[in-house]
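First up is the structure itself, then whatever we jot down about it.
Lettering of chains follows the sequences in order, A, B, ..., and the numbering in each one begins at 1.
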Amino acid sequence: MRHPTIIKIDISVNVKSEPVKGTTVQIGELSRRTQTPTRLLRYYEEQGLLVPDRLPNGYRDYDDEDENRVRQVRGLLEAGVSTRVIGQIIPCLAPRGLLVPYACAETYAALVEQRDRLNNKINDLTRHRDAIDDYLHDVRSSELPVSP
DNA sequence: TTTCTTACA
DNA sequence: TGTAAGGA
């Protein structure tokens, strides 16, 4: 068993209030609670990432699970995971969750790739940062004054 | 007032 | 993603 049993994903993004158990809200309220534009909430639904109930008048009716899901989706999106992969991950997410059971082989592979992409990006950013740092150091070392 | 769908910048 | 149109 080489693979980790679980992969922990940080979704601590835009956490303003804890979901209130047993209540449902319409899109406007969910938007405020999750700091997510209604436009995006509808988009996530279009991508199958969210499947809210519908009120008799056709309005979307979101429950606690949906609110939690929005946070998870936002967190994964922030980590650069595509909506397509998020679609795969969702059924693997724990209720409260940030845990992806190792059982999701495809998801595991997709996340490995994403992790590699992030590593590459981090390496590039690090080089850029160091280059700027070197330049700044040279400027300070020179006799010439820094022009305003 | 709020939300809905569709469509375009 | 944002925003507008035209309804309920």
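A salt bridge does not link Asp124(A) with Lys121(A): every distance from a Lys NZ or Arg NE/NH1/NH2 to an Asp or Glu carboxylate oxygen is 4.0 Å or more. Electrostatic pairing of Arg42(A) and Glu45(A) does not count as a salt bridge here, judged by no charged N lying under 4.0 Å from a carboxylate O.
Residue Leu49(A) contributes atom CG, which lies 12 Å from atom P of dT1(C) at whole-angstrom precision.
Closest of all the heavy-atom pairs between Arg33(A) and Arg71(A) is O-NH2, 3.3 Å. Here the closest heavy-atom approach between residue Pro52(A) and residue Asp66(A) is recorded as CA-OD2, 3.9 Å.
Annotation: side-chain contact (heavy atoms from CB on, under 4.5 Å) contacts of Asn57(A) (sequence neighbours excluded): Leu55(A), Tyr59(A).
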Q.
Let's test your reading of the pairing rules: Watson-Crick or G-U wobble, both distances under 3.5 Å, then write DNA chain B as a dot-bracket string with ( ), [ ], | and dots.
A. .|.||||||
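The backbone N or O of Gly80(A) sits less than 3.5 Å from a side-chain atom of Gln114(A), completing a donor-acceptor pair.
Looking only at side-chain heavy atoms (C-beta outward), Leu77(A) and Tyr44(A) come within less than 4.5 Å of each other.
Residues Asp61(A) and Thr24(A) have side chains that bring a donor and an acceptor to within less than 3.5 angstrom of each other.
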**Q.** Nucleic acid footprint by protein, nucleotides 2-9 of chain B - heavy-atom cut-off 4.0 Å, B for base, S for sugar-phosphate alone
**A.** BBSB-B--
